[in-house]
Participant: 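Have a look at this one before I ask anything.
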There are 2 protein chains.
Amino acid sequence: MECKTENFKQEYKKEMRAVQDSMDVLHGKWKIAVLSSICYYNKRRFSDILSDIDGISNRMLSKELKELEFNKLIHRNVLSTQPVTVEYTLTEHGNTLKTIINNLHEWGVEHRKKIVEG
Amino acid sequence: MECKTENFKQEYKKEMRAVQDSMDVLHGKWKIAVLSSICYYNKRRFSDILSDIDGISNRMLSKELKELEFNKLIHRNVLSTQPVTVEYTLTEHGNTLKTIINNLHEWGVEHRKKIVEG
DNA sequence: CAGGATCCTATACGATACTG
DNA sequence: CAGTATCGTATAGGATCCTG
């Protein structure tokens with residue numbers, strides 16, 4: 001971290017792009033909450049997630065699920081019942097987000113302490 | 001993870017709130033980029049950060065810096081030069097975000113591979 | 001049940017110009 | 001240099017109702 005050369009700046013920009021890639025996938029008000037809901041229960045249905053997350057509307061849940069599926073973080077499994085049952089699960093790729101979610105959780109706890117105490 | 005009791009659901013909601021706390025602090029298009037810029041260079045000035053981050057406007061940089069300072073992630077140090085020099089540094093608390101930023105970086109790299117390849 | 005369609009508002013963000 | 005002020009647009013997100 002001592003050498004602030006042009007090369008260093010290039011590396012920094014490359015890192016930034018990667019971080020932005022992650023944020024592009026995780027952006028929005030509910031994405032992490034949706035992932036967490038599915039992650040905690042392993043398998044979760046639309047109406048379940050709707051009740052897990054306080055305040056989310058079906059419109060937004062639908063939208064977030066689509067984006068997560070597009071980014072291959074979750075899998076949408078349609079069972080041919082009457083009426084249809086839809087189960088959402090994390091993909092392997094989605095599972096790799098657990099570390100980040102856990103870190104966000106731990107950091108959030110510490111942050112709350114800092115802000116309330118300080 | 002096997003016991004989906006009411007207690008389990010309470011725990012889950014508590015975790016969600018902590019994760020949301022983190023996201024509330026990190027939300028917005030530029031917050032992580034700003035933190036990273038300061039983090040990489042240890043000490044960084046307004047115009048420096050402006051040139052570090054492609055596309056950010058001075059209005060947004062100003063806004064993001066204020067929010068980060070409000071949340072005690074960065075420190076604003078004014079030197080009485082002519083004209084004034086302002087240096088931004090990470091607080092100790094801000095430094096604890098390094099883990100998350102690194103994780104986002106690593107995950108972003110992997111994600112890009114997955115999406116481009118798949 | 002699992003969403004889609006429609007309408008509406010708030011705010012996030014960008015561009016530009018200006019100031020001590 | 002380190003911002004602020006002003007204006008305008010785009011998007012995110014909420015509320016409600018509808019459907020196979």
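Each chain gets a letter, A, B and so on, in the order its sequence line appears, and its residues count up from 1. Computed from a predicted structure; not experimentally measured.
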Participant: Measure the distance from CG on B:Leu65 to P on D:dC1 and round it to the nearest whole Å.
Facilitator: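 So the two atoms are 16 Å apart, to the nearest Å.
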Participant: Check whether any side-chain heavy atom of A:Lys72 lies under 4.5 Å from a side-chain heavy atom of B:Lys114, and answer yes or no.
Facilitator: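 When only atoms from C-beta onward are counted, B:Lys114 and A:Lys72 do not touch, as no gap falls below 4.5 Å.
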Participant: Rounded to whole Å, how long is the line connecting atom CG of A:Asp52 with atom P of C:dA2?
Facilitator: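 My rounded result for the distance is 13 Å.
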Participant: Expressed as a whole number of angstroms, how long is the span from B:Phe46:CZ to D:dA2:P?
Facilitator: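 Atom CZ in B:Phe46 sits about 8 Å away from atom P in D:dA2.
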Participant: Starting at CG of B:Leu50 and ending at P of C:dA15, how long is that distance when rounded to a whole Å?
Facilitator: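 The distance from CG of B:Leu50 to P of C:dA15 comes to 12 Å, rounded to the nearest Å.
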Participant: Quickly, which of A:Leu97, A:Val19, A:Ile100 forms a side-chain contact (heavy atoms from CB on, under 4.5 Å) with B:Asn103? Name it, please.
Facilitator: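 Answer to the side-chain contact (heavy atoms from CB on, under 4.5 Å) test with B:Asn103 among A:Leu97, A:Val19, A:Ile100: A:Ile100.
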Participant: For A:Gln20 and C:dC13, what is the distance between atoms CD and P respectively, to the nearest whole Å?
Facilitator: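 Rounding to the nearest Å, CD of A:Gln20 and P of C:dC13 are 11 Å apart.
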Participant: Can you work out whether A:Pro83 or A:Asn58 has the more 5'-proximal nearest nucleotide on DNA chain D?
Facilitator: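 Per heavy-atom nearest nucleotide, the more 5' residue is A:Asn58.
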Participant: Answer yes or no: does a side-chain N or O of A:Tyr88 lie under 4.0 Å from OP1 or OP2 of C:dC1?
Facilitator: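 No, A:Tyr88 has no side-chain N/O under 4.0 Å of OP1/OP2 on C:dC1.
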Participant: Using atom CD of B:Gln82 as one end and atom P of D:dC1 as the other, report the distance to the nearest whole Å.
Facilitator: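 So the two atoms are 13 Å apart, to the nearest Å.
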Participant: Measure the shortest side-chain to side-chain distance between A:Gln20 and A:Asp24 over non-hydrogen atoms and say whether it is less than 4.5 angstrom.
Facilitator: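 Yes, their side chains come closer than 4.5 Å.
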Participant: Could you tell me how far apart A:Leu79 (CG) and C:dC1 (C1') are, to the nearest whole angstrom?
Facilitator: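 Going from CG in A:Leu79 over to C1' in C:dC1 covers 12 Å.
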Participant: Same hydrophobic cluster for A:Val34 and B:Tyr12, using side-chain heavy-atom links shorter than 4.5 Å among ILVMFWY?
Facilitator: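 Per the 4.5 Å side-chain linkage, A:Val34 and B:Tyr12 are co-clustered.
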Participant: Rounded off to whole Å, could you give me the CG-to-P distance for the A:Asn77 and C:dA2 pair?
Facilitator: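 So the two atoms are 12 Å apart, to the nearest Å.
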Participant: For residues B:Phe46 and B:Leu65, determine if any side-chain heavy atom of one lies less than 4.5 Å from a side-chain heavy atom of the other.
Facilitator: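 In contact.
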Participant: Is there a side-chain polar atom (N or O) of A:Arg76 under 4.0 Å from OP1 or OP2 of C:dG3?
Facilitator: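 True: A:Arg76 side-chain N/O within range (under 4.0 Å) of C:dG3 OP1/OP2.
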Participant: When rounded to the nearest 0.5 angstrom, what is the spacing between NE2 in A:His75 and OG1 in A:Thr89?
Facilitator: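 Going from the NE2 atom of A:His75 to the OG1 atom of A:Thr89 covers 6.0 Å.
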Participant: Please confirm whether the shortest side-chain N or O distance from B:Thr85 to OP1 or OP2 of D:dC1 is below 4.0 Å.
Facilitator: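 Indeed not, no polar side-chain atom of B:Thr85 lies that close.
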Participant: Going by side-chain hydrogen bond (donor to acceptor under 3.5 Å, both in side chains), A:Asn95 matches just one of A:Lys98, A:Glu92, A:His93. Which one?
Facilitator: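 Output: one option passes, namely A:Lys98.
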Participant: I'd like a table of atom pairs between the protein and nucleotides 12-14 of chain D - only N or O on both sides, under 3.5 Å - with the distance next to each one.
Facilitator:
{"unit_1": "D:dG13", "atom_1": "OP1", "unit_2": "A:Lys29", "atom_2": "N", "d": "3.0"}
{"unit_1": "D:dG13", "atom_1": "N7", "unit_2": "A:Arg59", "atom_2": "NH2", "d": "2.3"}
{"unit_1": "D:dG14", "atom_1": "OP1", "unit_2": "A:Lys29", "atom_2": "NZ", "d": "2.9"}
{"unit_1": "D:dG14", "atom_1": "OP2", "unit_2": "A:Trp30", "atom_2": "NE1", "d": "3.4"}
{"unit_1": "D:dG14", "atom_1": "N7", "unit_2": "A:Arg59", "atom_2": "NE", "d": "3.4"}
{"unit_1": "D:dG14", "atom_1": "O6", "unit_2": "A:Arg59", "atom_2": "NE", "d": "2.8"}
{"unit_1": "D:dG14", "atom_1": "O6", "unit_2": "A:Arg59", "atom_2": "NH2", "d": "3.2"}

Participant: Nearest to the side chain of A:Lys66, which nucleotide is it out of C:dG4, D:dG3, D:dC1?
Facilitator: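 Minimum distance to the A:Lys66 side chain belongs to C:dG4.
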Participant: Has B:Ser62 got a side-chain N or O lying under 4.0 Å from the OP1 or OP2 atom of D:dT4?
Facilitator: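 Yes, B:Ser62 has a side-chain N/O under 4.0 Å of OP1/OP2 on D:dT4.
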